[in-house]
Amino acid sequence: MTVRVRYAPSPTGPLHIGSARTVLYNWLFARQHGGKMILRSEDTDRERSDVKWEQEICQSLRWLGLDWDEGVDAGGDCGPYRQTQRLELYRDYIQRLEQQGRTYYCFCTPEDLEARRQQSRYEHGGYDGACRQLSAQEVARRLEQGESAAVRFRVPRDTKVEFNDLVRGDIAVETAEISDFVILKKDGIPTYNFAVVVDDVTMGISHVIRANEHLINTPRQILLYQALGEQPPAFAHISLILDKSGRKMSKRMGDTAVDAYAQKGYLPEAIVNYIALLGWSPEDEQEIFSLEELVAEFDMGRVSRSPAIFDVKKLDWMNNQYIMQTDTGRLADMAMEVLAGQGVEVARGREWLRQVIEVVRDELANLAQLAEFLPEFTEEEVEISPQAMESLTWEHSGLVLDQFISRLKQLDSLTSDSVGEMLKQLNKDIKKQTGSGGKTVFMPVRAALSGQTSGQELYLLVPLLGRELALKRIDFCRRAATDSGVNNE
RNA sequence: GGCCCCUUGGUCAAGUGGUUAAGACACCGGCCUUUCAAGCCGGUAACAGGGGUUCGAGUCCCCUAGGGGUCACCA
């Protein structure tokens with residue numbers, strides 16, 4: 001059997017992180033079986049659908065590195081791939097069911113239904129079957145009078161629907177639990193449950209891999225497959241991704257859209273890697289996976305049945321892992337965009353930013369955090385910590401800084417090597433002159449250069465500052481120390 | 001409320017009747033280091049509860065509790 005899977009979003013918002021994982025699992029499954037991936041737009045909700053979202057979803061998918069063989073933006077033999085463009089097809093299928101007496105017209109208004117439901121809410125949900133027994137004459141008469149009607153599917157009574165879910169095992173539901181549901185809305189648009197079935201049948205879908213919230217829809221859909229005389233596909237329902245509070249991920253608790261993570265400077269491969277591990281685990285203990293490795297290792301049988309909580313801390317760690325091993329040129333390109341998106345201007349340009357990244361990358365959870373690091377390399381007037389201030393008053397600090405300044409001025413070019421050499425020599429010489437070195441040398445230099453007692457390696461910091469800024473900093477910090485009433489001469 | 005699904009440390013999770021119950025993130029400590037990170041080493045911490053079945057249960061069965069989903073002319 002050729003594997004054909006699909007991702008079928010409704011274009012009503014950006015790509016959700018949970019959906020991204022669903023697509024990933026579909027994609028991995030297709031790729032490892034030499035199958036096809038299909039992207040279909042379920043845009044039958046005319047109120048909320050918008051092509052703008054369809055485009056954004058496509059863009060996020062591409063950004064993640066997930067492609068598709070057929071569908072929206074790709075074409076294929078089973079098109080069109082937007083449900084609103086397949087209305088005639090649905091009509092044919094509705095007719096097939098009609099001819100077999102499996103449907104009936106329903107004239108109940110939404111208000112009627114709502115009112116009746118209010119009363120019986122906790123006894124039996126769903127439709128009460130009011131129009132099930134309407135005579136053919138009455139139906140014809142009301143239709144003729146121009147009364148509009150929805151079409152409902154006649155659910156068989158007293159039987160049960162059983163199927164085997166690839167991740168959940170055997171599932172059985174009594175049809176008594178399923179009321180006659182609408183398959184064609186009054187406006188002539190099919191409902192989700194009907195359209196998916198027709199689409200999955202006509203597109204030859206072999207495996208339906210989707211979120212767990214659809215598990216309960218599956219029996220209805222299987223009933224439809226049976227009524228149409230079609231073989232249902234295999235189903236795999238994967239658990240939801242929850243937020244920190246254990247609820248379905250909501251914007252209130254953090255970012256839910258893939259795009260939000262892109263804008264914060266998370267790398268697509270980190271996102272993919274992280275969500276792959278949210279609900280699936282490999283046989284061994286590997287944590288870092290490329291897309292190719294995932295194709296090889298992924299196993300639907302090892303997908304977890306329980307919901308997973310999205311942990312940004314681990315994502316941060318994962319992203320950092322990728323930041324540390326990614327080419328800084330690429331990071332710089334991404335960072336320029338990310339920072340621009342945050343309204344942060346990089347006055348000294350991309351190449352300079354690249355060097356900054358080289359120096360601070362091991363502390364970065366995402367590229368947007370670069371914004372917090374930049375002042376350390378650009379500001380003239382820095383914040384001076386009490387500890388830094390104190391180190392400027394040490395016995396030999398004045399001497400150390402004087403010598404550092406004159407040597408800095410003499411250096412031909414500022415590279416990590418030349419500055420490193422210079423510092424080493426300075427340390428040696430000071431030790432010879434005063435008897436103390438190490439911390440008594442490096443700490444005042446650091447304090448005068450940055451106002452802090454911790455930070456980047458000095459030989460990396462200085463070249464990034466440049467001679468001019470470095471000298472200004474030292475001047476500024478010494479002045480501040482003097483002004484604070486302490487004599488550091 | 002009915003139905004369906006789920007329940008191993010704070011989080012992700014391994015585990016398919018016999019293990020000292022892995023590993024990762026986070027946290028704590030140590031080493032390294034002119035600082036901070038990174039890195040390396042180590043530590044704290046879990047089978048929701050109760051009944052069975054069994055020589056033996058995180059693993060199988062039942063009940064309870066908790067969480068989630070669903071009960072739309074939304075998808």
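In what follows, every chain begins at residue 1, and chains take the letters A, B, ... in the order their sequences are listed.
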| Distance, C1' atom - from B/A13 to B/U8, rounded to whole angstrom | 9 Å

| task | Provide the distance between the two C1' atoms, one in B/G49 and one in B/U7, to the nearest whole Å. | result | 12 Å

| field | A/K244 NZ - B/C12 P separation (whole Å) | value | 12 Å

| request: Could you tell me whether the phosphate oxygens of B/G15, OP1 or OP2, come under 4.0 Å of any side-chain nitrogen or oxygen in A/R302? | output: yes

Would you list the protein and nucleotides 28-35 of chain B atom pairs, both N or O, that sit under 3.5 Å from each other?
| residue | atom | partner | partner atom | Å |
| --- | --- | --- | --- | --- |
| B/U35 | O2' | A/T453 | O | 2.8 |
| B/U35 | O2 | A/G455 | N | 2.7 |
| B/U35 | O2 | A/G455 | O | 3.0 |
| B/U35 | N3 | A/R446 | NH2 | 3.0 |
| B/U35 | N3 | A/G455 | O | 2.9 |
| B/U35 | O4 | A/E457 | OE1 | 2.6 |
| B/U35 | O4 | A/E457 | OE2 | 3.1 |

| message | Taking the six-membered ring for Trp, are A/Y274 and A/F310 closer than 6.0 Å centroid to centroid? | response | yes

| Atom P, compared across B/U35 and B/U19: separation rounded to whole Å | 47 Å

| task | Take A/Y104 and A/D180, measure what side-chain hydrogen bond (donor to acceptor under 3.5 Å, both in side chains) needs, and give me the verdict at the end. | result | CA-CA 9 Å; A/Y104 61 89; A/D180 295 344; 2.7 Å; yes

| query | Please give, in whole Å, the distance from B/A14 C1' to A/E297 CD? | reply | 15 Å

| field | Over-ring placement of A/R220 relative to A/F153, 6.0 Å and 45° cut-offs | value | no

| C1' gap between B/C47 and B/G42, integer Å | 25 Å

| task | Look at the side chain of A/N320 against the base of B/A38 and say whether a donor-acceptor pair falls under 3.5 Å; ignore hydrogens and angles. | result | no

| Taking the six-membered ring for Trp, are the ring centroids of A/H214 and A/Y192 within less than 6.0 Å of each other? | yes

| said: Please compare A/A150 and A/L240 by the position of their nearest nucleotide in RNA chain B and report the one closer to 5'. | reply: A/L240

| field | Separation between CD1 of A/I309 and NZ of A/K244, rounded to the nearest 0.5 Å | value | 10.0 Å

| task | Determine the interatomic distance between C1' on B/C62 and the same-named atom on B/A22; round to the nearest Å. | result | 31 Å

Please tabulate, one pair per line, each protein N/O and nucleotide N/O from nucleotides 3-7 of chain B that are separated by under 3.5 Å, including the distance.
| residue | atom | partner | partner atom | Å |
| --- | --- | --- | --- | --- |
| B/C3 | O4' | A/E177 | OE1 | 3.4 |
| B/C5 | O2' | A/R168 | NH1 | 2.4 |

| message | Under the side-chain hydrogen bond (donor to acceptor under 3.5 Å, both in side chains) definition, can you give me all pairs with a residue in residues 443-456 of chain A, not counting sequence neighbours? | response | A/E363-A/Q456

| Between B/C73 (P) and A/E47 (CD): distance, integer Å | 15 Å

| query | Does the ring of A/Y127 carry A/R152 above it, NZ/CZ under 6.0 angstrom from centre and within 45° of its axis? | reply | yes

Report all interatomic pairs (protein N or O, nucleotide N or O of nucleotides 23-27 of chain B) with separations under 3.5 Å.
| residue | atom | partner | partner atom | Å |
| --- | --- | --- | --- | --- |
| B/G23 | O4' | A/E285 | OE2 | 3.3 |
| B/A24 | O4' | A/E287 | OE2 | 3.1 |
| B/A24 | O2' | A/K314 | NZ | 3.2 |
| B/A24 | N3 | A/K314 | NZ | 3.3 |
| B/C25 | O2' | A/K314 | N | 3.4 |

| task | Would you name the heavy atoms of A/P444 and A/L401 that are closest together and state the gap between them? | result | O-CD2, 3.9 Å

| said: What is the separation between atom CD1 on A/I309 and atom C1' on B/G9, rounded to the nearest whole Å? | reply: 13 Å

| A/R220, nearest nucleotide to its side chain (from B/A75, B/C71, B/C73) | B/C71

| Residues that A/R82 engages under salt bridge (charged side-chain N to carboxylate O under 4.0 Å, His left out), provided they are two or more places apart | A/E54

| field | Distance (rounded to the nearest 0.5 Å) between A/I238 CD1 and A/W280 CH2 | value | 13.5 Å

| message | Taking B/A21 as the reference, what is the distance to B/C3 when you measure between their P atoms (whole Å, please)? | response | 39 Å

| Between B/U16 and B/C74 - C1' atom distance, rounded Å | 39 Å

| field | Gap in Å between the two P atoms, one belonging to B/A26 and one to B/U34, rounded | value | 26 Å

| field | Ranges pairing with ranges for RNA chain B, where each run has three or more Watson-Crick or G-U pairs under 3.5 Å | value | B:1-7 with B:65-71, B:10-12 with B:23-25, B:27-31 with B:39-43, B:48-52 with B:60-64

